[in-house]
Amino acid sequence: MDPRRFLFAWALSCLATVLTQAYDVQLEVSGTLPQLCFTSEDIVPKYVNSICQHHGKTYLGGFFNRFGNQSAQHFVVLDSDDKIDWVGTIGITTTLQRVLESSDTENVANSQNASFLGLVNSIVCPEEEDYVYIGGIFTTVTDDESEQTVNNIVRFNTNSRTFEPIKVPEPLVNETNIGFTQHCGPGDGDDCVDDEQVAMVRTIKCASNGGDSCQTMFVGGYFDKAMGTPVKGIAMVDLTNFSNPIVTPIGDKGGGGEASEGVDGLVMTIEAVDDGEVVFGGIYDDPSESDVPYLLTRWSDDKGARCVLNRNMLDQTVCAVDTPPLICCELIFGPVYASLKISQTDLLVGGEFINTFDLHPGMTINLADWLQLGYQNLAIVSATDDDGASSDFQSQSLVGGPDGDVRSFTCSEKITDIDGYERCSVVYITGSFNNWMSFSLNTTTLAIDKEVAFATPQHIAKLIFNTETRGYEPQAVFGDSATAPKFKVQDVSVNTAFVDSEHQKLYFGGDFPSLNNLQLYQLAGTDNAEGPLNIPNEIYGNVSTDSDFYDCLVENEATELSGANFCCRRGSYCPGGLVDISCPDGWGFLCKSNSIGICPEGSYCPTAGTEKKCDKGEVCRLGAIEPRPCEFWELCPDPGMERPLRVSGALLGLMVLSAMFTLLIAFRPC
């Protein structure tokens, strides 16, 4: 039996012990693997993942079970005055109830906490509809009328305040005609149970009328069926006839050819670049090609998948297409979390990556034509379909980037550009970063020098489009304002932001417990003074107890997560402690329970769950899977070095003297 299935089955058993009292957490270390052990007063992590506005109301989703003084299972609606208007119940109630039915009376009494299990990743608010669309990890929803099975995606009627499952009418086994699901595969063994598999919708993109309608939508995440149709990781759904949706697999074939079922892995972001055409990113394999991890893919219904960026791009030093570079030619290494079409020709992508173009003295190309001087975690790439010929991409349009990962983009203002199309002129960027770095090229060493341009202690910044230089300029959002939010060390990230342009209000949410994970801030330039606004944002997580059922250290070297006494295997990404997604080994990735990252400089990662520091006499570049021994002329005196300090002066002098002595011997007079 696949260890993931075994661990999840045990996790379900453990969930029956969810209680309403609080417990502390302390970190114990056994060998090299940490384990979270619950002793007293542990409050489970809670966070906000998605914010959008629809017809004057604000919709929030994430991982929490209380908002203000009301019970709110992962979904809440605020009115125009930012007061609680409606709260939802979204969770994995049905799955947990199957466990509770065979449990004792005390645990059955705690069944009201079942919806603690669940996670909202994405909420989209198409303005031309009376609905918002919600995706995440959940099997059921409850409104004022009833509880319904929905399977990780649901439509919410903003007028009647009722949930509507997205499903095909023909019933299927285990209700797989509803939503997005995951099932046992050919290699999972006879013990695998379809009912126990967990799927996740990570992102939803409405693709009709510029995103104002979801008649056509794209869904990405971790799943292998959409309403009974085999798809992996990503699918296009036609909702023109909502009672009978049409699912189209996103594959590698086009022009009427047979498409593959999708991708193996996790799709984290989707952006529509034209009618019937999208760019999607994450970390995944193409099941019909190879096991090389892909990061960004372009797809259209007539041409299929193309212009693919993957980890093998690191092996190239010259791009094999005409300038300017296409998406597949930008040498990005690392997972892509976010994307945003900022103009008719350009796409903004964010995540945890760097420009890995291999600069060396023998290069004859014009760097300004081929790539930006450098970037990290943020890049502008071509969104055109003509080999980049019409792209407005400028080599100097974005240099540098935040010193931590980028998790979301929000376009708050648009202008009509010189080509007659709309351009996003102000972009808010959120993530887990504390500074904005600027880059410059050292023409002597061809290294990219980095320095801090400005601080971003609130994990949020913005880009302003300069119409004269036709480039984007980074700026701090809060600066040194006395009213700026004061984050603390435990405030990990800002996951999402939304700007109410009419009222100049900035909503941002994430994992920053010292400020209750959600803030509303009045921007400058309005009648009201700049500063924070009141919002009932006391967001609480539920609690969990220690488990006697298993030991994570025994079960496959896994780390126990507080979310649900869930074991997350080493080298896996486990959002919400609810689903285990393996990261690819041998490609320089370093994955933890709550993040997909790159093996850091000075270390090497032979597997996605193992980080080892380089010894003396070795160097390890970012993303290394093994150390590189230093040559005899290189100076590498310290452990954890990314590159040699310099050529040894004494050794160089000795080499020069030896050469001179050789010449003297060779040309000595007879």
Side-chain angles (χ1 to χ4, degrees), residues 51 269 271 273 279 281 327 330 332 336-355 371-383 391-419 421-440 450-479 484 493-501 504 506-508 510 521 523-525:
I51 304 173
T269 183
E271 181 62 22
V273 297
V279 170
I327 294 173
E330 287 290 328
I332 297 173
V336 174
Y337 297 153
S339 57
L340 176 69
K341 187 180 179 183
I342 52 176
S343 73
Q344 189 68 10
T345 62
D346 294 334
L347 189 75
L348 193 63
V349 293
E352 188 171 1
F353 54 75
I354 62 164
N355 180 314
L371 73 160
Q372 301 171 64
L373 289 180
Y375 48 74
Q376 60 183 29
N377 306 319
L378 187 68
I380 297 176
V381 293
S382 168
S391 174
D392 196 38
F393 176 88
Q394 300 289 327
S395 62
Q396 300 297 323
S397 61
L398 186 63
V399 178
D403 62 358
D405 64 74
V406 170
R407 304 193 180 189
S408 78
F409 298 123
T410 299
C411 179
S412 64
E413 296 181 28
K414 294 182 179 180
I415 60 173
T416 301
D417 208 354
I418 55 176
D419 58 4
Y421 292 99
E422 282 190 336
R423 172 180 286 277
C424 186
S425 58
V426 180
V427 182
Y428 281 78
I429 302 167
T430 73
S432 181
F433 49 86
N434 295 299
N435 298 286
W436 191 280
M437 311 298 293
S438 63
F439 291 177
S440 60
K450 307 177 184 180
E451 61 180 14
V452 175
F454 55 84
T456 56
Q458 297 85 13
H459 311 310
I460 188 168
K462 62 181 177 180
L463 295 177
I464 308 294
F465 182 69
N466 187 317
T467 55
E468 295 182 1
T469 64
R470 303 208 50 77
Y472 281 89
E473 300 173 355
Q475 292 184 11
V477 172
F478 301 107
S493 65
V494 174
N495 298 335
T496 184
F498 181 85
V499 176
D500 178 349
S501 299
Q504 282 297 288
L506 169 64
Y507 300 78
F508 58 99
Y521 195 84
L523 298 173

key: Ile464: side-chain contact (heavy atoms from CB on, under 4.5 Å) partners, not counting sequence neighbours   = Val426, Lys462, Gln475
message = Going by the rule side-chain contact (heavy atoms from CB on, under 4.5 Å), which residues pair with Ala497 if we only count those two or more places apart in sequence or in a different chain?
response = Thr410, Thr430, Ile460, Leu506, Phe508
For a quick test of reading the model, state the closest non-hydrogen atom pair linking [X] to [Y] and the distance between them.
X      : Y      : answer
Val499 : Ser412 : CB-CB, 3.7 Å
Arg470 : Ile418 : CZ-CD1, 3.7 Å
Ala461 : Thr456 : CB-CG2, 4.1 Å

message = My understanding is that only residues two or more places apart in sequence, or in another chain, count here; which of them pass side chain to side chain donor-acceptor pair (under 3.5 Å) with Asp419?
response = none
query = Do Tyr507 and Asp500 touch side chain to side chain, with heavy atoms closer than 4.5 Å?
reply = yes
query = Distance from Phe433 atom CZ to Asp405 atom CG, nearest 0.5 Å?
reply = 8.5 Å
inquiry  = Rounded at 0.5 Å granularity, tell me how far CZ in Phe465 sits from SG in Cys424.
reply    = 10.5 Å
key: Electrostatic pair Lys450-Asp403, nearest N-O below 4.0 angstrom   = no
ask   = Phe478 vs Tyr521 aromatic rings, parallel, tilted or perpendicular, using cut-offs 30° and 60°?
value = perpendicular
key: Polar contact flag, side-chain donor to acceptor under 3.5 angstrom, Thr496-Ser408   = no
